Enquirer: 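If you scroll down you'll find the structure; I have some questions about it.
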Amino acid sequence: MKNTSETNSYIIGFSLALLLTLTAYFTVVNNFLDGGILVAAIMLLAFLQLFVQASFFLHLWQEKNPRWNLLVFLSTFSIIVLVVIGSLWIMNNLDYRHDNTHEGVQKILEKEGFSR
Amino acid sequence: MSIKPTLLLLISLLFLIVILVVFFITTQDVALLNPKGYIAQKQFELIKFAVFLGLFIIIPVFSLTFFTVWKYREENKDKNFFPSFGNDSKMQVIFWLIPLIIILVLTIITWKYTHLLDPFKSVASEKPPIVIQVVALRWKWLFIYPEQGIASVNFVQFPKKTPVQFKLTADEAPMNSFWIPKLGGQMYAMTGMQTQLNLIADSREEFSGSAAEISGAGFGKMRFTAKSSTEEDFEKWVNETRSLGKELTQYEYDKLLKPSEGNPVEYFSIYDDLYNVILAKYQPQNGSQINHYNHTNY
Amino acid sequence: MEDLFGKLTLQALPHEWFTIGGAISMTAGGLGAILLLTYLKRWKWLWTEWLTSTDPKKIGVMYITVAVFMLFRGVLDAVLLWLHQVLAGGGQGYLTADHFQQISTAHGVIMVFFVAMGLLFGLMNIIVPLQIGARDLAFPFLNSLGFWLYVAGAILINIFFVFGGEFAATGWLAIAPLSGLEFSPGVGVDYWIWSLQISGLGTLIGGINFIVTILKMRAPGMTLMRMPLFVWTTLCSMILVVSVFPILTMTIILLNLDRLLGMHFFTTGFGGNPMMYTNLIWMWGHPEVYILILPAFGIYSEIVATFSGKRLFGYTTAVVAVVAVTLLSTLVWLHHFFTMGADANVNAFFGIMTMIIAIPTGAQIFNWIATMYKGKIRLTTPMLWFLGFVATFTFGGMAGVMLAIPPIDYQVHNSLFLVAHFHTMAIGGALFGLFAGISYWFPKVFGFKLNEKLGQYAFWCWLVGFFTSFVPLYILGFMGVTRRLDTYDPSTGWQFLFLISLLGAGIIALGIGFQLLQIAVSILKRKENQNTTGDPWDGRTLEWSTSSPPPSYSFAVIPTVDDRDAFWTMKQAGKPISKPIFVDIHAPKNTASGIYISAFALIIGFSLVWHIFWLTVLGFLGVIITVIVRTFNDDTEYTISASEIAKNEEKRGIYG
Amino acid sequence: MVEHKNNDKTFLGFWIYLMTDLIMFAVLFATFAVLRNNTFTGPSGEEIFNLPFVLAETLILLTSSFTCGLAVLAARKGDKKQLYSWLLGTLFLGFAFLFMELSEFQELIHEGYTWTKSAFLSSYFTLIGTHGLHIAVGLFWLIILLIKLSTSEINSSIIRKLTLFSLFWHFLDIVWIFIFSIVYLIA
């Protein structure tokens with residue numbers, strides 16, 4: 001009895017994940033959207049699939065308290081967001097400040113026949 | 001050893017240190033504490049203000065600690081021994097409030113001064129800034145004056161009271177940091193990138209400058225002298241250097257590129273835009289990157 | 001045939017004077033120990049009783065012994081550096097620039113990774129299970145494996161004395177591109193990489209082990225808010241270990257791929273971005289220093305409460321402060337590279353975040369003072385170390401707040417002012433805390449107190465020595481002296497201050513001498529101040545309820561807890577401890593696979609340093625086989641019979 | 001009760017290990033995101049990615065994650081035959097994924113786009129390579145489990161090991177979803 005409900009949860013999870021992957025794929029291939037919105041859409045679909053897999057495959061939300069697994073997952077998730085967003089913010093800011101493609105260097109590159 | 005001598009010893013030790021430090025600072029020429037440029041002057045004010053605010057934490061902490069240890073020492077048969085006194089919300093509020101206020105004041109100061117003293121912002125002055133291009137090589141500094149058409153190694157001169165805009169990069173060297181303590185903060189010099197440092201010298205004097213980021217074996221000897229002179233002396237120096245006629249060709253530059261330590265001061269005149277050639281070297285060229293060691297012919 | 005040993009050729013063997021000196025002293029020490037052991041016929045005892053043990057108390061003592069040996073090397077490196085800096089005024093000091101940089105890198109790495117982390121893990125292994133009423137850690141085998149990986153890392157970092165090559169000359173964090181192939185082609189950086197990877201792995205395993213132990217194995221009734229504060233700081237410190245050590249491991253892997261496979265993550269050319277290395281390594285770097293300081297805060301809370309005979313003032317705010325510091329410590333790392341050219345908003349944001357961390361720390365110190373208020377203070381050695389902490393840490397904290405303001409940091413970044421600041425935090429904060437912890441829990445581990453008088457002499461030498469050596473560095477930093485400076489001309493007037501620092505180092509060395517004397521004298525006179533009650537300091541937490549030294553099973557019966565300061569409430573209640581009915585206890589068996597896996601890991605590391613790739617493959621096979629053999633054997637536990645426990649507990653005679 | 005107690009200790013311990021692995025991947029994602037435009041005369045993302053091929057890979061890994069879930073359910077039901085079939089399915093799909101990935105790498109190297117060409121290629125190879133390495137370790141672990149299963153009946157320790165493996169496998173699939181989205185789709 002209990003197992004059939006679990007197999008159903010796996011089946012639902014699998015089909016949802018399949019759906020999300022295909023939608024992401026086709027939005028890119030037939031470029032329904034582009035530029036910033038496309039990136040946002042892809043990331044949204046990725047996080048949705050994360051949510052689907054976590055709830056259907058890892059049963060993260062049905063954990064009885066004290067829900068250490070969930071707490072550890074959320075703290076790790078915040079560390080990941082910190083690492084990726086933090087690095088991107090700092091490195092892009094540094095690259096912007098250390099801009100070296102101004103006209104002086106450009107002139108040298110053209111003179112040597114190198115295109116950037 | 002019981003509490004009384006311990007506390008007295010500790011307090012006298014701290015007082016002795018403070019006195020010795022104050023005495024030393026006032027007598028010796030401590031670079032950061034007698035600045036010679038507007039930027040360093042502002043940073044010195046910040047240091048004084050931060051120390052002043054810091055005392056608001058140190059004095060209460062020290063006095064409270066020593067007083068409490070003294071008053072509630074074991075031998076003191078004080079009757080108000082109150083072992084289960086675990087919490088008191090009034091005191092908690094004070095304990096969190098004191099550091100909070102101090103940090104709040106510091107936050108406002110930090111936001112204001114960080115924007116004011118941004119190294120990439122040129123110093124406000126009616127005179128146009130003089131641009132000096134600095135290239136950090138393996139264990140020496142190369143200074144290039146694009147407008148004046150001269151270059152020098154381990155020596156830089158600029159007129160006093162005129163803002164100086166250093167444009168910093170490095171060539172075939174690990175990360176370096178360009179620092180003249182008496183004029184202002186330091187700034188990293190890295191290969192393939194250009195960073196800026198805007199300073200100004202208020203008086204006519206010679207300052208010592210150094211590399212501040214470890215860059216290999218010769219890092220310790222990577223020192224240079226920065227001289228601020230009057231307008232006329234600066235012009236005279238530029239003409240003298242140009243008249244020396246020693247040109248900084250690619251061949252000369254390759255000699256400088258080879259790692260060497262404690263280079264003597266050298267002067268060159270320069271005709272092509274070497275600074276941008278160095279920056280261009282690290283840009284992607286179609287084909288392959290210019291190999292560091294086979295130089296193109298310009 | 002000749003590349004059978006990769007880069008390990010004859011010229012690589014040690015030829016500089018100080019590597020040969022190091023090799024001789026190490027082999028002499030090793031031989032001495034081997035002779036002593038064979039003479040006393042104690043090999044069997046050493047192997048079964050200590051090396052293969054999974055008892056956290058024994059592993060903790062082993063951690064501390066290895067860390068103390070590494071402390072000797074670390075302090076020796078420091079004295080070598082200082083002596084050179086004093087002589088280097090104008091003339092060429094007795095070290096070449098490259099040697100000087102190597103020793104300064106080795107000093108940094110050894111002190112942080114092998115002394116501070118070693119002492120910290122040692123104390124945690126001994127005390128945390130006892131304080132939460134657990135008999136063992138969650139994963140005993142992993143605990144032994146974590147320790148032996150730490151030892152493998154320590155061996156690998158010292159092995160270049162024997163096998164030659166050199167050590168990284170790049171500063172303790174091997175900042176790219178200096179650590180890349182272009183500027184450090186030698187094996188030095190590879191030694192750095194692999195000793196940090198192996199010991200880093202050991203720390204990560206330890207981190208996971210402690211989190212699961214604290215979350216899952218507390219005594220019944222001990223909710224999170226009834227745990228002793230040292231357990232709270234350990235939990236927070238281990239959460240930081242688990243959160244940021246993977247960043248260190250991956251950053252070092254990327255650097256290694258740059259060096260080994262010619263990739264271009266941090267190279268100057270080919271699109272590499274060296275600044276990314278600085279960003280990533282400091283993303284681990286700053287939480288690492290909080291990993292070291294938090295347990296010291298925990299130890300101070302325990303000591304101040306015990307020696308004031310009072311409950312800790314504001315337990316909840318202390319916990320809030322520790323958790324706040326843990327969360328904030330991951331948001332501040334850019335203050336290590338303000339001078340890299342990020343714009344004012346970025347610098348200001350990270351500067352302000354760094355200052356906000358000072359608020360919980362300030363509140364914590366006020367809490368300790370309030371704990372002493374209306375108490376009965378006994379100024380024993382642990383309390384002295386706490387006063388030393390207050391005297392030094394407040395100066396260091398003020399310097400830290402100054403460094404957090406970007407414009408000031410532009411001036412003093414990488415100067416001796418910064419060096420003095422982090423030494424104040426490391427020595428005044430973490431090391432004083434660990435010394436306080438060791439002198440506080442020594443009677444619990446070995447059954448006899450450390451000699452008080454010698455302990456106080458040692459403290460005064462350390463404190464006076466600390467101030468004499470580091471206050472001049474603060475001033476030198478303001479005079480424009482940079483870090484890792486191996487030569488300067490005498491006209492600058494710096495030589496005099498370097499001399500005073502060397503004097504200070506001498507006083508610290510005297511302090512260490514007193515500590516050794518203290519241990520020797522205490523061992524000789526252990527009969528007199530034998531402590532039978534298991535509670536020498538009238539303690540408040542559970543570890544004092546066991547006998548000292550506690551039996552291998554720690555608690556005959558796991559106590560139930562109904563309030564904070566569990567042992568104190570038991571004593572206050574004063575109900576005679578009725579003789580419990582003893583039951584069999586399952587304890588983990590000794591296991592040597594931890595040693596084998598770490599030995600293979602050492603082989604892998606060593607072979608990758610010298611590019612002897614066939615040896616690396618052998619090493620991996622060794623690890624995999626040992627792991628599989630380990631998973632296949634299931635009888636990893638033995639039972640201590642109830643009668644045996646009853647006989648042992650009878651001897652204690654504490655039951656009514 | 002003791003059996004259950006040290007059961008969830010192992011799960012929590014393994015879960016925290018998975019989180020540390022996740023943080024390692026986060027560092028790789030951050031490095032990839034920072035270096036993705038530093039193609040430095042080498043090819044950029046669009047030029048070398050073949051999207052249909054990668055979609056196939058993603059679907060294969062998703063199905064193997066699904067079959068792995070079903071295998072755990074079969075183990076809990078004690079139906080050894082079904083357990084065997086699902087595990088072999090997972091094993092086969094895992095090897096198929098690994099084979100496709102290695103052939104993609106081989107083709108790239110054949111065209112000269114090796115990891116020494118540019119920072120973008122270095123970070124691309126490392127991110128995908130590390131994930132591939134984890135898949136290989138997972139498959140090796142699965143083979144050990146299958147050997148263990150052949151010699152003994154389904155008991156609680158086998159179920160525990162299988163559940164741990166399925167956690168690891170699902171975790172790998174989640175990481176691949178982010179690789180698929182960030183590396184391939186955005187390019």
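Note that the structure is predicted; figures quoted are calculated from it, not measured.
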Enquirer: Counting only non-hydrogen atoms closer than 4.5 Å, does F24(B) touch chain C with its backbone (N, CA, C, O), its side chain (CB onward), both, or neither?
Expert: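 F24(B) touches chain C through side-chain heavy atoms alone.
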
Enquirer: Are D118(B) and N347(C) side-chain neighbours, meaning at least one heavy-atom pair lies under 4.5 Å?
Expert: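 No, too far: nothing below the 4.5 Å cut-off.
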
Enquirer: Nearest 0.5 Å please: distance from the CD atom of E213(B) over to the CZ atom of F337(C).
Expert: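 Here the interatomic distance stands at 12.0 Å.
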
Enquirer: Find the distance between CH2 (W460(C)) and CG (L13(B)) and round it off to the nearest 0.5 Å.
Expert: 6.5 Å

Enquirer: Is there a donor-acceptor pair closer than 3.5 Å between any side-chain N or O of Q186(B) and the backbone N or O of T339(C)?
Expert: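 Side chain of Q186(B) to backbone of T339(C), a donor-acceptor pair under 3.5 Å: no, none is there.
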
Enquirer: Could you tell me which portion of A211(B) (side chain, backbone, both or neither) has an atom closer than 4.5 angstrom to a non-hydrogen atom of chain C?
Expert: backbone

Enquirer: What part of F62(B) is in contact with chain C, defined as an atom under 4.5 angstrom from a non-hydrogen atom: side chain, backbone, both or neither?
Expert: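 When you check distances to chain C, only side chain atoms of F62(B) fall under 4.5 Å.
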
Enquirer: Tell me, for F395(C) versus chain B, whether the close heavy atoms (under 4.5 Å) come from the side chain, the backbone, both or neither.
Expert: both

Enquirer: What part of A173(B) is in contact with chain C, defined as an atom under 4.5 angstrom from a non-hydrogen atom: side chain, backbone, both or neither?
Expert: backbone

Enquirer: At a heavy-atom distance under 4.5 Å, which candidate from K376(C), M383(C), R483(C), R311(C) has the highest pair count against chain B?
Expert: K376(C)

Enquirer: What part of T107(B) gets within 4.5 angstrom of chain C, counting heavy atoms only: side chain, backbone, both, or neither?
Expert: both

Enquirer: For each of T492(C), V481(C), N367(C), L476(C), tally heavy-atom pairs with chain B at distances under 4.5 Å, and name the one with the top tally.
Expert: N367(C)

Enquirer: Between F478(C) and I47(B), is any pair of side-chain heavy atoms under 4.5 Å apart?
Expert: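 Answer yes - side chains close enough.
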
Enquirer: Between F313(C) and F95(B), what is the ring plane arrangement, given parallel below 30°, perpendicular above 60°, and tilted in between?
Expert: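 Perpendicular: the ring planes of F313(C) and F95(B) meet at over 60°.
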
Enquirer: Atom CD1 in I408(C), atom CD1 in I109(B): separation rounded to 0.5 Å?
Expert: 10.5 Å

Enquirer: So which of G362(C), A97(C), G314(C) has the biggest tally of heavy-atom pairs under 4.5 Å with chain B?
Expert: G314(C)

Enquirer: So D343(C) and F120(B), do their side chains get closer than 4.5 Å, heavy atoms only?
Expert: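 Contact flag for F120(B)/D343(C) side chains = no.
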
Enquirer: Which atoms of L14(B) come close to chain C, meaning under 4.5 Å heavy atom to heavy atom: side chain ones, backbone ones, both, or neither?
Expert: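 The side chain, not the backbone.
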
Enquirer: If we only count heavy atoms from C-beta on, is the P407(C) to K42(B) side-chain gap below 4.5 Å?
Expert: no

Enquirer: If I take atom CD from residue Q92(B) and atom OG1 from residue T316(C), how far apart are they, to the nearest 0.5 angstrom?
Expert: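 Rounded to the nearest 0.5 Å, the CD-OG1 separation comes out at 7.0 Å.
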
